[in-house]
Amino acid sequence: MYENVAYLLGANVTTYDEYGNEKITYTKRKVFVMPRGVYASEFYNAAQAGLHPEITFELTNRAEYKGERLIEFENVVYNIIRDDWKAQKDKISLVCEKRVVNG
């Protein structure tokens with residue numbers, strides 16, 4: 001059973017602060033996931049393309065995924081670099097790397 005909670009983040013509104021810096025707020029949708037590792041072959045192939053996959057989140061219902069590019073798990077935000085649903089009929093796997101934030 002999938003008991004780990006994660007949040008899919010969808011960009012909601014872009015506003016600007018008093019200095020003109022862009023500020024994006026996100027909507028959060030709660031989903032249940034099973035965190036998994038990343039296969040060594042995928043890690044090395046992605047590294048050649050400048051990506052650093054660290055974790056894969058499996059969702060039991062692929063309909064829960066609406067194309068979001070970010071997921072938050074245990075207060076860490078990850079970029080979703082690839083989704084894979086072909087291998088499993090109803091499930092979807094989201095291959096992710098830690099999000100690097102400037103400043």
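Note that these values count all heavy atoms, side chains included, but never hydrogens, waters or copies made by symmetry. All values derive from a computational prediction rather than experimental measurement.
- Counting only heavy atoms from C-beta outward, the side chains of Glu72 and Lys28 approach each other to under 4.5 Å.
- Using a 4.0 Å cut-off between a side-chain N of Lys or Arg and a carboxylate O of Asp or Glu, Glu68 and Arg29 qualify as a salt bridge.
- Expressed to the nearest 0.5 Å, how far OH of Tyr7 lies from CD1 of Ile71 amounts to 11.0 Å.
- Here the CG atom belonging to Leu70 is positioned 5.5 Å from the CG atom belonging to Asn79, to the nearest 0.5 angstrom.
- Going from atom CZ of Arg69 over to atom CG of Leu8 covers 10.5 Å, rounded to the nearest 0.5 Å.
- A distance of 6.0 Å or more separates the ring centres of Tyr78 and Phe73.
- Between Gly37 and Thr56, the shortest heavy-atom distance links the atoms O-OG1, 3.4 Å.
- Criterion: ILVMFWY side-chain heavy atoms under 4.5 Å apart, direct or through other members. Under it, Ile24 and Leu9 are part of a common hydrophobic cluster.
- With rounding to the nearest 0.5 Å, the separation of CG in Leu59 from CG in Asp90 is 12.0 Å.
- Here the CD atom belonging to Glu54 is positioned 5.5 Å from the NZ atom belonging to Lys98, to the nearest 0.5 angstrom.
- Using a 4.5 Å heavy-atom threshold, the side chains of Lys30 and Phe32 count as touching.
- Considering CG of Leu94 and CD of Glu58, their distance stands at 9.5 Å, rounded to 0.5 Å.
- Side-chain atoms of Ser93 and Asp83, non-hydrogen and from C-beta on, never get closer than 4.5 Å to each other.
- The closest side-chain heavy-atom distance from Ile81 to Pro53 is below 4.5 Å.
- Of the possible donor and acceptor atoms, one in the side chain of Lys66 sits under 3.5 Å from a partner among the backbone N and O of Ala63.
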